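What you see is a predicted model, and the numbers here were worked out from it, not measured in a lab. A note on names: the letters A, B, ... follow the listed sequences, proteins ahead of strands, and every chain is numbered from 1.
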Amino acid sequence: MSQNLFAVMRDHVVEALRALLPQLTPEHLIRVEVTPARDPAHGDMATNAAMVAAKPAGQNPRALAQSLAERLTAHPLLQSAEPAGPGFVNLRLNASALLDQIPVILRAAEGYGDGTVGAGVRVNVEYVSANPTGPMHIGHCRGAVVGDALAAVMAKAGYEVTTEYYVNDAGGQVQALAWAAYWRYLQAIGSTITAEEFDAATPTGLQYRGEYLIPVGRSLYEHFGTTLATADLAIADPSLWFGPVRDRALSMMMAEIREDLALLGVRQDVFSSERALLESGAVDRAIAELDAKGLIYEGVLEPPKGKAPDDWEPRPQTLFRATEFGDDVDRPLRKSDGSNTYFANDIAYHADKIARGSDVLIDVWGADHGGYVSRMKAVVKAVSDGRVPLEIVLCQIVHVMRGGQPVRMSKRAGTFVTLRDLLDEVGRDAVRFTMLMRKSDAQMEFDLDQAVAQTRENPVFYVQYAHARCRSVLRAAGESLGAAAVTPEALAEADLTGLDDPQELALIRRLIAWPRLVEGAAMAREPHRVAFFLYDLAGEFHMLWNKGRDDSTLRFLQAGDEAGTRARLALVAATAIVIRSGLYVLGVTPAEEMR
RNA sequence: GCGCCCUUAGCUCAGCCGGAUAGAGCAACCGCCUUCUAAGCGGUAGGUCGGUGGUUCGAGUCCACCAGGGCGCGCCA
């Protein structure tokens with residue numbers, strides 16, 4: 001039987017509805033849902049079936065709910081099915097149906113909640129893709145965590161997920177990086193050239209002035225001595241040094257980024273190089289294919305209304321007919337110097353992802369790329385002839401707060417918060433969990449004080465504490481009953497009939513909602529739902545724990561009542577499993593104890 | 001000027017592709033905490049869901065317009 005009781009009951013409801021009203025079409029039936037009851041007084045679950053069927057059937061929803069309820073009641077898992085409100089049918093599971101899910105959880109272990117909604121669907125999730133021109137900062141961090149958790153929850157729901165990082169190692173910013181690294185190289189070999197002089201002598205200006213390039217300059221000196229400069233330690237002709245300097249700078253920056261990702265617990269399957277794509281001719285081929293479809297032309301764009309740049313001048317450009325696929329304006333593929341725009345290269349990159357075998361592409365981007373969404377969706381539609389959808393998850397800005405005040409960030413002043421700084425200050429688990437306590441498309445405040453607080457205000461702490469409490473109870477039980485008696489396998493055999501307190505049942509109801517939540521979060525591409533679920537689940541567990549303070553019969557370890565103890569331990573072990581299963585999706589450590 | 005995102009309790013935010021009386025934490029107020037499982041616990045109060053129309057049996061959720069905040073707007077990525 002499916003782990004997902006809601007799916008089981010939904011099948012039952014749909015079957016009963018079809019028997020009642022054979023004329024209903026699949027379009028009607030797809031709207032039928034079985035959801036957790038909001039109020040325990042309503043039972044365990046509710047279905048909207050009668051309301052969605054009322055109109056096509058030409059019947060009164062309440063009357064339909066009445067006859068549907070009569071048919072549903074026969075199900076062996078149900079104690080009752082009753083019409084309610086405007087046409088809901090409230091479903092109440094019989095006591096054993098609820099309790100029987102505990103051994104299901106214990107036997108499935110961390111695999112509890114694994115689903116099949118994504119079975120057979122190959123998804124490519126691309127995230128981070130920070131330019132290798134400097135260390136990762138807090139802005140990249142949100143995308144990294146969201147992408148990683150999204151990939152994990154989709155994998156848990158059964159999708160075949162590939163995670164990917166697109167390395168922008170071509171283009172003007174890389175050129176600027178090479179010059180900036182060369183500047184640090186000249187410093188390393190003892191050149192007396194000043195920043196101002198260097199800036200003036202550089203085609204792109206001296207852009208990246210952060211100290212993080214000093215080790216690159218030093219490394220260049222160690223490998224090449226002074227051979228990359230003129231005899232008097234001044235700027236040599238770029239043809240003598242540009243390639244080696246660029247390559248070393250890129251590889252060292254990527255190494256640093258990979259180290260940052262590792263510290264954050266992010267591990268992507270594929271790293272794709274923009275330069276490799278370019279050199280393989282893939283970009284030319286992709287453009288040629290669009291050209292063959294008649295989607296490329298030479299044209300002149302109108303200046304944006306109301307905000308025409310001062311230096312605007314009409315200019316013929318190579319354009320992609322994005323407007324044929326829903327974009328506002330056709331988009332340029334070539335710069336005035338004849339090289340490709342970033343967009344052109346990105347077309348080839350997405351075509352490559354499709355060619356490697358993806359049914360769905362998901363890109364996780366920062367909000368500053370929002371204006372890029374419609375053209376990218378347009379071109380993916382064009383390239384794949386509409387077969388492969390591109391979905392974009394936009395992550396809005398993160399404001400870092402300390403002591404109720406915003407932490408000011410300025411890249412120019414070098415005071416921006418690097419990912420490394422953030423990890424050093426609050427730790428990986430807090431960074432990841434906190435980033436997921438907001439919808440990705442809403443701006444968020446990252447409160448440094450809250451992220452390290454050891455109180456209920458801090459969701460990371462609260463959830464990890466719940467898990468640690470579970471583990472602590474099981475450890476204590478192992479000492480008195482023997483380790484073999486408290487394994488999940490042993491507890492799966494426990495007689496659970498003693499679990500009947502409303503708070504115990506509330507906890508169980510929360511546990512059995514996990515498979516459904518995984519499914520919903522994966523389909524909606526909303527990993528933050530997992531974090532909120534865990535917070536609520538932890539709350540339910542802590543509430544039961546606290547209730548045991550006033551009512552000692554609710555404590556997990558009952559001296560002299562081994563059967564009752566074992567039943568409660570089964571519940572505790574199942575709770576620990578679900579928390580662990582969820583934390584695994586988020587990439588957060590399930591703490592064994594709090595110190 | 002145009003496009004996209006956001007606006008829910010004093011504050012920070014949920015609200016599960018339209019469903020029942022809109023939820024949580026913090027702050028506020030009341031009570032509890034010599035002992036049991038207290039890096040506290042229980043409870044109360046607090047919202048015309050930015051505004052105005054519309055679609056619907058039903059709208060915080062969908063549509064239109066307006067207001068406020070954010071991100072963008074031909075060669076950056």
**Q** Report yes if a donor N or O on one partner sits less than 3.5 Å from an acceptor N or O on the other, where the partners are the side chain of A:N345 and the base of B:A77; otherwise report no.
**A**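 Per atom types, no contact qualifies.
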**Q** Give the nucleotide from the list B:A77, B:A14, B:G42 with an atom nearest to the side chain of A:F532.
**A**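 Nearest to the side chain of A:F532 among the choices is B:A14.
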**Q** What's the gap between B:A22 and B:G46 when it is taken at their P atoms, as a whole Å value?
**A**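 To the nearest whole Å, 13 Å.
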**Q** Do any N or O atoms from the side chain of A:R62 and from the backbone of A:G85 form a donor-acceptor pair under 3.5 angstrom?
**A** yes
**Q** Is the side chain of A:H350 donor-acceptor paired with the backbone N or O of A:D346 at a distance under 3.5 Å, no angle test?
**A**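 Indeed, once roles are kept as given, a pair shorter than 3.5 Å links the two residues.
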**Q** For B:C16, does the base pair up with any side-chain atom of A:R516 as donor and acceptor (N or O, under 3.5 Å, distance only)?
**A** yes
**Q** From the options B:A20, B:G25, B:G74, select the nucleotide whose nearest atom is closest to the side chain of A:L301.
**A** B:G74
**Q** Using the P atom on both, measure B:C4 against B:C62 and round to a whole Å.
**A** 14 Å
**Q** Can you tell which of B:C16, B:A77, B:A38 lies closest to the side chain of A:R529?
**A**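 Between B:C16, B:A77, B:A38, the one nearest the side chain of A:R529 would be B:C16.
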**Q** Can you figure out which of B:A77, B:G70, B:C6 approaches the side chain of A:Q396 most closely?
**A**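 For A:Q396, the side-chain atoms sit closest to B:G70.
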**Q** Among A:R555, A:K547, A:R568, find the residue that satisfies the salt bridge (Lys or Arg N to Asp or Glu O under 4.0 Å) test when tested with A:D501.
**A** A:K547
**Q** Answer yes or no: does a side-chain N or O of A:K55 lie under 4.0 Å from OP1 or OP2 of B:C57?
**A**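 So the side-chain polar atoms of A:K55 do come within 4.0 Å of the phosphate oxygens OP1 or OP2 of B:C57, strictly under.
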**Q** Any salt bridge between A:E164 and A:K353, counting N to O under 4.0 Å?
**A**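 No salt bridge links A:E164 with A:K353.
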**Q** Decide, applying a 5.5 Å centre-distance limit and a 30° plane-angle limit (both strict), whether A:H369 stacks on B:A77.
**A** no
**Q** Report yes if a side-chain nitrogen or oxygen of A:H528 is closer than 4.0 Å to either non-bridging phosphate oxygen (OP1 or OP2) of B:G15; otherwise report no.
**A** yes
**Q** Using a cut-off of less than 4.0 Å, is there contact between a side-chain N or O of A:R549 and OP1 or OP2 of B:C36?
**A** no
**Q** A:Y372 side chain N/O closer than 4.0 Å to the phosphate oxygens (OP1, OP2) of B:A77?
**A** no
**Q** Is the shortest side-chain N/O distance from A:K439 to OP1 or OP2 of B:U12 below 4.0 Å?
**A** no
